[in-house]
Amino acid sequence: MSAQLVGPDVVGTAARALIVSERRITGLSQVVIADLVAELGPVWQARRDAELCDRPRRRAVGAGAKYKLVFVDRLLATLVHLRHGVTHDVLACWFGVDRSTITRALGEIRPLLADRGCRVAPGLRLRTLADVIAHLGATGRTGIIDATEIRVRRPAAHRRGRNRFVSGKSRMNAMKALVVTDDRGRLLFCGEVRAGSVADITQARDAGLVDLLADTVHLEILADAGYQGLAAQTCGQVVTPPRKRRGKNLEQVQWLMAHHERARFAHSSRRIPVEHGIAHLKNWRTLARHHGHRHHLPDTIRAVAGLLSDQQATHKRKLPALPAGRTT
């Protein structure tokens, strides 16, 4: 491995070993971290060499000052920041470097993590919504979609488009991400970030879900009531809770209400895995509330989703089977 990847020992071997070995610090096992170093190390080094060769130089490549914060420490600092939302100042004190070094390190590592996509099998990653639909169609599994809101900083006063980040549901400044899991709660996709005022169904349409399902047959996508209307556009491939129906007399109204509640309960029982997947995402504090710049949020969401899928794929415990729910 290149000297830039191992470099001088700034953090210290004992501190680095503690960060790697204690899963509560990074949220990842040692196996996942080792795979990240082996996978992203050469990519990071290649990008750095390309940047050095891309501009006129008076010195040869490799000359001059060396990085104080080596690649492994840059990766660990990014993982700690994503997991616990630690500020750049605290990470700078912990790793013994300047705050600007941590900011630059996060800006380098976060896009690398975001570009990896979600891992569903050894050697197979899903990076786009089209990859997800193709995978579900090939495997015959049921997909579940939902949207999750992440609170962001309020835009400055008198800025154009300031109100479009206000969510109609939470009444807070937020951004909304589209989440797709399989019927066992494994993350398949997280992205297509929109402002908080955008409706769930509009976000799905803008992501191209209707066009993607037009080329797929016999694929079932479970969704909540926020996506009612997609069933007609996708030939019933998007399944939403039934709408309420009105009766003509008291006895018929009572029967319709009871039938509606049973149907909604059965549907909710089938789509509950996506709520569990979103809950695992929100365990990473940077997604509980995002304190950084809003244009960094899409990369942050995709990076966390990819890391979480890596941890799920390497976990020895089998995920529980999807409850069948009650029939109507």
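Heavy-atom basis, side chains included; hydrogens, waters and symmetry copies ignored.
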Item to complete: Could you tell me whether the side chain of Leu91 reaches within less than 4.5 Å of the side chain of Val80, counting heavy atoms only?
Response: yes
Worksheet entry | Under 3.5 Å: donor-acceptor pair, side chain of Gln237, backbone of Thr234 | yes
Worksheet item: So how far is it from Leu222 CG to Asp146 CG, rounded to the nearest 0.5 Å?
Response: 11.0 Å
Worksheet item: Within a strict 4.5 Å, meaning less than it, do heavy atoms of the Arg184 and Arg141 side chains meet?
Response: yes
Item to complete: Indicate the ring-plane relationship of His81 and His88, choosing parallel, tilted or perpendicular according to the 30° and 60° boundaries.
Response: perpendicular
Fill in: Shared hydrophobic cluster, Met172 / Phe165 (ILVMFWY, side-chain heavy atoms < 4.5 Å)
no
Practice prompt. Might you work through the side chain to side chain donor-acceptor pair (under 3.5 Å) test for Thr87 and Asp89, ending with a clear yes or no?
Written response: CA-CA 5 Å; Thr87 63; Asp89 290 325; 5.2 Å; no
Worksheet item: Can you tell if the side chain of Val120 reaches within under 4.5 Å of the side chain of His135, non-hydrogen atoms only?
Response: yes
Worksheet item: Arg23 side chain to Leu28 main-chain N or O, any donor-acceptor pair under 3.5 Å?
Response: no
Worksheet item: Say you draw a straight line from CZ of Arg264 to OG of Ser269; how long is it, rounded to the nearest 0.5 Å?
Response: 12.0 Å
Item to complete: Please work out whether the ring planes of His296 and His293 are parallel, tilted or perpendicular, with thresholds of 30° and 60°.
Response: perpendicular
For a quick test of your reading: what N or O donor-acceptor pairs under 3.5 Å do the side chains of residues 189-203 make, sequence neighbours left out?
residue : atom : partner : partner atom : Å
Glu192  : OE1  : Arg194  : NH2          : 3.2
Ser197  : OG   : Arg164  : O            : 2.5
Asp200  : OD1  : Lys176  : NZ           : 2.9
Gln203  : NE2  : Lys176  : O            : 3.1
Gln203  : NE2  : Glu192  : O            : 2.7

Discussion item. Would a single hydrophobic cluster contain both Trp284 and Val180, if residues Ile, Leu, Val, Met, Phe, Trp and Tyr are joined by side-chain heavy-atom contacts under 4.5 Å?
Written reply: no
Worksheet item: For the atom pair CD1 (Ile133) and CG (Leu188), what is the distance rounded to the nearest 0.5 Å?
Response: 9.5 Å
Item to complete: Quick one: closest heavy-atom pair of Tyr227 and Leu178, and the distance?
Response: OH-CD1, 3.7 Å
Worksheet entry | Backbone of Leu219 reached by a side-chain donor or acceptor of Thr216 within 3.5 Å | no
Fill in: NZ/NE/NH1/NH2 to OD/OE distance under 4.0 Å, Arg270 and Asp224
no
Practice prompt. Take Leu76 and Ile25 through the test side chain to side chain contact (heavy atoms under 4.5 Å, CB included) and record every step on the way to the result.
Written response: CA-CA 9 Å; Leu76 294 179; Ile25 298 179; over 6 Å; no
Worksheet, complete the sentence: Rounding to 0.5 Å, atoms CG (Asp183) and CZ (Arg271) come to a distance of 14.0 Å
Discussion item. Is it the case that atom NE2 in His218 sees more than 12 heavy atoms from other parts of the structure closer than 6.0 Å?
Written reply: no
Worksheet item: For atom CZ of Arg154, is the number of surrounding heavy atoms from other residues, nucleotides or ligands below 6.0 Å larger than 12?
Response: no
Practice prompt. Please report the closest heavy-atom contact between Leu112 and Trp44, naming both atoms and the distance.
Written response: CD1-CB, 3.9 Å
Practice prompt. Please identify each residue that fulfils side chain to side chain contact (heavy atoms under 4.5 Å, CB included) with Arg153, with sequence neighbours left out.
Written response: His291
Discussion item. Could you report the tightest heavy-atom contact between Leu136 and Gly143, atom names first, then the distance?
Written reply: CD1-CA, 3.8 Å
Fill in: Minimum heavy-atom distance between Leu307 and Leu82, given as atom pair plus value
CD1-CD1, 4.0 Å
Worksheet entry | Heavy-atom side-chain proximity of Leu230 to Leu209 below 4.5 angstrom | yes
Worksheet item: Between CD1 of Ile278 and OG1 of Thr148, what distance do you get to the nearest 0.5 Å?
Response: 5.0 Å
Worksheet entry | Minimum heavy-atom distance between Leu308 and Gly277, given as atom pair plus value | CD2-O, 4.5 Å
Worksheet entry | hydrophobic_cluster_shared for Ile144 and Leu129, side chain cutoff 4.5 Å | no
Practice prompt. For the pair Arg74 (side chain) and Leu69 (backbone), establish whether a donor and an acceptor sit closer than 3.5 Å, ignoring hydrogens and angles.
Written response: yes
Worksheet item: Is the backbone N or O of Gly306 less than 3.5 Å from a side-chain atom of Arg119, with the two atoms forming a donor-acceptor pair by type?
Response: no
Worksheet entry | Verdict with supporting geometry, Thr78 and Leu113, side chain to side chain contact (heavy atoms under 4.5 Å, CB included) | CA-CA 10 Å; Thr78 304; Leu113 294 173; 4.0 Å; yes
Practice prompt. Count the heavy atoms of every other residue, nucleotide or ligand shown that sit under 6.0 Å from CZ of Arg125, and state whether that count exceeds 12.
Written response: yes
Worksheet entry | Stepwise side chain to side chain contact (heavy atoms under 4.5 Å, CB included) check, Ile145 with Val274 | CA-CA 7 Å; Ile145 65 172; Val274 72; over 6 Å; no
Item to complete: Could you please spell out the steps behind the side chain to side chain contact (heavy atoms under 4.5 Å, CB included) verdict for Thr26 and Ile33?
Response: CA-CA 9 Å; Thr26 61; Ile33 295 178; 3.6 Å; yes
Practice prompt. May I ask you to test the Arg294-Pro155 pair for a side-chain heavy-atom distance under 4.5 Å?
Written response: yes
Worksheet item: Quick check: does any side chain N or O of His267 sit under 3.5 Å from a backbone N or O of Ala223, one acting as donor and the other as acceptor?
Response: yes
Worksheet item: Charged N to carboxylate O under 4.0 angstrom, Asp73 versus Arg16?
Response: yes
Discussion item. Would you say that Ile109 contacts Leu79 through its side chain, given a criterion of any heavy-atom pair below 4.5 Å between the two side chains?
Written reply: no
Item to complete: Verify, without hydrogens or angle tests, whether Arg285 (side chain) and His84 (backbone) share a donor-acceptor contact under 3.5 angstrom.
Response: no
Discussion item. Please check: side-chain N/O of Thr314 versus main-chain N/O of Gln311, any donor-acceptor pairing under 3.5 Å?
Written reply: yes
Worksheet item: Is there a side chain to side chain donor-acceptor pair (under 3.5 Å) between Thr101 and Asp98 once you walk through the steps?
Response: CA-CA 5 Å; Thr101 302; Asp98 191 75; 5.2 Å; no
Discussion item. For a salt bridge (charged side-chain N to carboxylate O under 4.0 Å, His left out) check, start with the C-alpha distance between Arg116 and Glu39, then their side-chain angles and the critical distance, and finish with the verdict.
Written reply: CA-CA 10 Å; Arg116 299 169 64 244; Glu39 177 185 353; 3.4 Å; yes
Worksheet entry | Ionic contact status for Asp299 with Arg110, cut-off 4.0 Å | no
Worksheet entry | Interatomic distance, His295 atom NE2 to Met175 atom CE [nearest 0.5 angstrom] | 11.0 Å
Practice prompt. Group every Ile, Leu, Val, Met, Phe, Trp and Tyr by side-chain heavy-atom contacts under 4.5 Å, then state whether Leu124 and Val32 land in the same group.
Written response: no
Discussion item. Give me the atom names and distance for the closest heavy-atom approach of Arg83 to Gly27.
Written reply: NE-CA, 3.8 Å
Item to complete: Determine whether Leu36 and Val43 fall in the same hydrophobic cluster, where Ile, Leu, Val, Met, Phe, Trp and Tyr are linked whenever their side-chain heavy atoms lie under 4.5 Å apart.
Response: yes
Fill in: Ser309 (side chain) donor-acceptor with Cys118 (main chain) under 3.5 angstrom
no
Fill in: Side chain to side chain, Arg99 and Ile102, heavy atoms closer than 4.5 Å
no
Practice prompt. Given side chain to side chain donor-acceptor pair (under 3.5 Å), test Ser170 with Glu149 step by step and report yes or no.
Written response: CA-CA 8 Å; Ser170 62; Glu149 293 183 350; 3.0 Å; yes
Discussion item. Treating Thr286 as the side-chain partner and His290 as the backbone partner, does any N or O pair qualify as donor plus acceptor under 3.5 Å?
Written reply: no
Worksheet item: Below 4.5 Å, heavy atoms only, C-beta onward: do Gln233 and Arg205 meet side chain to side chain?
Response: yes
